[in-house]
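Remember, predicted model here, so these are calculated numbers, not experimental data. In what follows, chains are A, B, ... by sequence order, proteins preceding strands, each numbered from 1.
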There are 2 protein chains.
Amino acid sequence: MAERVTIVEVAARAGVAISSVSSALNDRPGVSEQTRARIKQAADDLGFVPSVRGRSLSAKRAFAVGLVVHRDPFVLESDPFFGSFIGGLESVLDPRGYALILQMGSAADETLDRYRRLAAGRRVDGVFLNELVVDDPRVPLVQQLGLPAVGVNPAAGFPLPAVRQDDSAGIRELVDHLVALGHRRFAHVSGPDRFVHARRRSAAWRDALVAADRDPGVVVEADFTYDGGARAAAQLLGGGGAGGSARVGDGSVRVDDPSERPTAVFCANDLAAIGFMAEADRLGVRVPDDVSVAGFDGIELGTYVRPALTTLTTAPRLIGAEAARLLLAAVDGDPVPDAEIDHARLLVRASTAPAPR
Amino acid sequence: MAERVTIVEVAARAGVAISSVSSALNDRPGVSEQTRARIKQAADDLGFVPSVRGRSLSAKRAFAVGLVVHRDPFVLESDPFFGSFIGGLESVLDPRGYALILQMGSAADETLDRYRRLAAGRRVDGVFLNELVVDDPRVPLVQQLGLPAVGVNPAAGFPLPAVRQDDSAGIRELVDHLVALGHRRFAHVSGPDRFVHARRRSAAWRDALVAADRDPGVVVEADFTYDGGARAAAQLLGGGGAGGSARVGDGSVRVDDPSERPTAVFCANDLAAIGFMAEADRLGVRVPDDVSVAGFDGIELGTYVRPALTTLTTAPRLIGAEAARLLLAAVDGDPVPDAEIDHARLLVRASTAPAPR
DNA sequence: TTGAAAGCGTTACCAC
DNA sequence: GTGGTAACGCTTTCAA
């Protein structure tokens with residue numbers, strides 16, 4: 001690698017001490033405007049960019065933050081959240097001279113170790129806590145490590161700074177929409193119960209239906225994947241009698257009786273909803289004529305599938321930007337009030353229609 | 001952040017000089033086995049992990065490499081390559097104590113700047129060059145910067161170390177498969193012509209057809225997206241007369257004459273192929289009865305769509321691992337022969353069938 | 001306002 | 001085999 005310009009050369013060229021260069025370039029007082037200008041000129045001439053290595057050691061900062069993606073390698077492949085989220089992070093980190101260190105680990109315990117090593121090696125000044133699970137072990141870990149962290153859509157009572165986007169208002173809108181369309185038999189395809197966001201969406205769905213004086217109906221636990229959604233559809237709509245494994249709410253409908261099939265299904269994310277629709281189609285159950293389907297996320301793909309997917313649109317990019325803002329504030333030791341993103345919005349498209357009579 | 005153990009404390013506890021601690025812990029000679037053991041014990045007791053910051057400055061290494069994703073924020077969202085690729089990178093980087101710095105930039109010129117700043121700030125020891133375009137400006141840039149780099153699936157004659165996975169053998173297999181099924185009218189939905197991998201796949205497709213004594217047929221340039229694939233289908237199969245914008249090969253078929261429609265279509269990636277199939281379905285053109293469709297990548301989703309997608313399976317995880325291995329070798333100044341991954345394999349599923357008569 | 005010097009936590013060199 | 005010490009490139013403190 002080519003030799004790089006250091007602060008020493010800038011100082012030599014400007015005819016001053018390196019401490020003055022440092023002060024001048026960091027816009028700190030103690031340098032006359034005249035010498036400051038001269039120093040900046042010299043730095044420009046030489047194309048000087050301070051070495052983050054030297055800065056790190058001296059400033060006791062890594063100027064980097066970490067994101068550990070824990071789940072199978074193919075999350076990034078199927079989860080549309082990350083791309084935009086990371087874009088949002090970058091939009092804040094980059095202008096402030098921070099870099100994002102991305103780690104991927106599959107096993108959960110390995111993930112914890114990643115955080116530990118990130119902290120031990122002083123690689124990062126803080127981390128993002130994503131995809132939080134109930135009693136997430138990362139929380140006590142970062143607390144114990146004294147590692148600044150911000151949570152993304154955590155549960156209520158989360159002890160660290162967090163950015164949140166409310167689900168429930170949008171889900172209420174969805175329920176109102178479905179009720180207005182005359183639906184009476186509902187079902188929910190949830191995410192794994194250990195994820196707090198999966199739980200929250202399920203609870204919001206149930207609460208909204210109860211508030212609308214409707215039976216919350218069946219809940220089938222899926223896994224946020226296309227295939228999971230398809231399997232849920234087979235369970236809820238298929239004749240296979242596989243309905244046995246559906247978790248049935250209090251006083252709910254039976255899924256294996258065709259006449260009692262749900263006519264409106266809310267899937268915990270778009271990908272599962274799209275898989276659900278595909279399987280419904282395969283089973284000869286028409287969407288939206290026989291069953292209305294709604295998703296959650298607002299991914300691009302939902303625009304193109306037929307029928308286009310009714311969904312709740314979230315703001316991953318904004319969430320990322322806010323998360324980065326919060327984390328940098330926490331790193332600076334500033335007070336960090338939680339950030340609240342405008343709630344997920346109902347986007348009605350073609351996959352929801354009046355209930356069949 | 002809690003105070004961390006440094007080498008000084010380890011030295012004190014073991015009753016030796018810090019230089020001995022360094023030698024002992026890095027398994028260098030010049031320390032008796034006895035003291036080495038004592039030092040390692042002391043380090044363990046204290047939970048010592050060397051600070052990357054100190055090491056960086058001293059060793060003149062960042063112990064980090066960079067990946068700049070250039071394209072719209074939603075790549076990670078729709079491109080299945082990245083998740084597995086990054087997983088592959090990590091599998092090599094992490095054990096060697098290297099971290100991955102991920103940057104995202106949309107505009108191409110901004111991307112170049114990202115590389116420049118990464119290098120100028122000495123943030124990374126090397127970078128990956130992905131999604132190479134024809135005459136990619138990043139190549140002269142890294143050469144000029146003296147920044148180690150490895151290319152992923154570059155064009156022939158690429159001047160830097162590279163990892164490659166051959167497309168053409170698999171594409172020949174695909175063509176043979178289609179020819180054996182009796183197809184005579186072909187079409188190709190390509191990626192943007194500026195990408196070297198898009199060009200290579202197009203060329204391989206054309207060459208294989210010519211070698212099989214068949215007419216290469218029409219090429220429609222799409223953009224690797226679901227929607228792009230759908231639009232291509234509308235063009236190739238639709239009655240809309242939109243066929244006008246199709247780029248027609250020498251002596252090729254006319255797309256707007258239904259009887260001359262292609263019966264076998266190769267899409268440059270799976271996502272586009274899936275969009276293509278969806279649009280075909282919408283137009284009342286049955287897959288695979290009326291038209292056979294094949295993709296490229298081997299993404300998970302292709303397993304679940306109906307008909308399941310015939311495709312060429314690639315090995316992004318392996319490509320990532322090899323790319324990381326090469327880059328670290330380059331950083332170490334070792335000779336770096338290109339890495340060749342076993343070629344993409346034909347995976348026949350339900351979307352290809354005998355040509356309609 | 002300016003400059004000298006002391007860290008920051010390692011590694012590497014060189015005496016002992 | 002072992003222990004000092006310079007060097008890495010910067011920030012910060014303290015004299016001048």
Quick one: which of [options] gets closest to the side chain of [X]?
X: Arg55(B); options: dC8(D), dT2(C), dT11(C); value: dT11(C)
X: Pro50(A); options: dC10(D), dA12(C), dT10(C); value: dC10(D)
X: Ser20(B); options: dT2(D), dA4(C), dT2(C); value: dT2(D)

Look at all strands and tell whether [X] reaches a base, only sugar-phosphate, or nothing, counting heavy atoms closer than 4.0 Å.
X: Phe48(B); value: sugar-phosphate
X: Ser22(A); value: base
X: Ser56(A); value: nothing

Separation of [X] atom [atom1] from [N] atom [atom2], in whole Å?
X: Arg61(B); N: dT10(C); atom1: CZ; atom2: C1'; answer: 14 Å
X: Lys60(B); N: dC10(D); atom1: NZ; atom2: C1'; answer: 13 Å
X: Phe63(A); N: dT11(D); atom1: CZ; atom2: P; answer: 8 Å
X: Arg28(B); N: dC13(C); atom1: CZ; atom2: C1'; answer: 11 Å
X: Arg123(B); N: dG9(D); atom1: CZ; atom2: P; answer: 17 Å
X: Ile39(A); N: dC10(D); atom1: CD1; atom2: P; answer: 14 Å
X: Leu57(A); N: dA6(D); atom1: CG; atom2: P; answer: 17 Å
X: Asp27(B); N: dT11(C); atom1: CG; atom2: P; answer: 12 Å

(request) Kindly state which residues belonging to residues 5-18 of chain A come within less than 4.0 angstrom of DNA chain D, counting heavy atoms of the residue only, listed by number. (result)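 Under 4.0 Å from DNA chain D: Thr6(A), Ile7(A), Ile18(A).
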
Salt-bridge criterion met for [X] and [Y] (N-O under 4.0 Å):
X: Glu90(B); Y: Arg114(A); value: yes
X: Asp125(B); Y: Arg53(A); value: yes
X: Lys40(A); Y: Asp44(A); value: no
X: Arg96(B); Y: Asp332(B); value: yes
X: Glu9(B); Y: Arg13(B); value: no
X: Asp136(A); Y: Arg194(A); value: no

(message) Any N or O donor-acceptor pair under 3.5 Å from the base of dA7(D) to the side chain of Ser58(B)?
(response)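 Such a pair does not exist between side chain and base.
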
(message) On the side chain of Ser19(A), is there an atom forming a donor-acceptor pair with the base of dG3(C) - under 3.5 Å, no angle test?
(response)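 Side chain to base: pair present.
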
(message) When you measure from the side-chain N and O atoms of Thr35(A) to the phosphate of dT2(C), is any distance below 4.0 Å, counting only OP1 and OP2?
(response)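 For Thr35(A), the contact criterion (side-chain N or O under 4.0 Å from OP1 or OP2 of dT2(C)) is met.
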
(message) Between Arg123(A) and Phe63(B), is there a side-chain heavy-atom distance shorter than 4.5 Å?
(response)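 When only atoms from C-beta onward are counted, Arg123(A) and Phe63(B) do touch, with a gap below 4.5 Å.
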
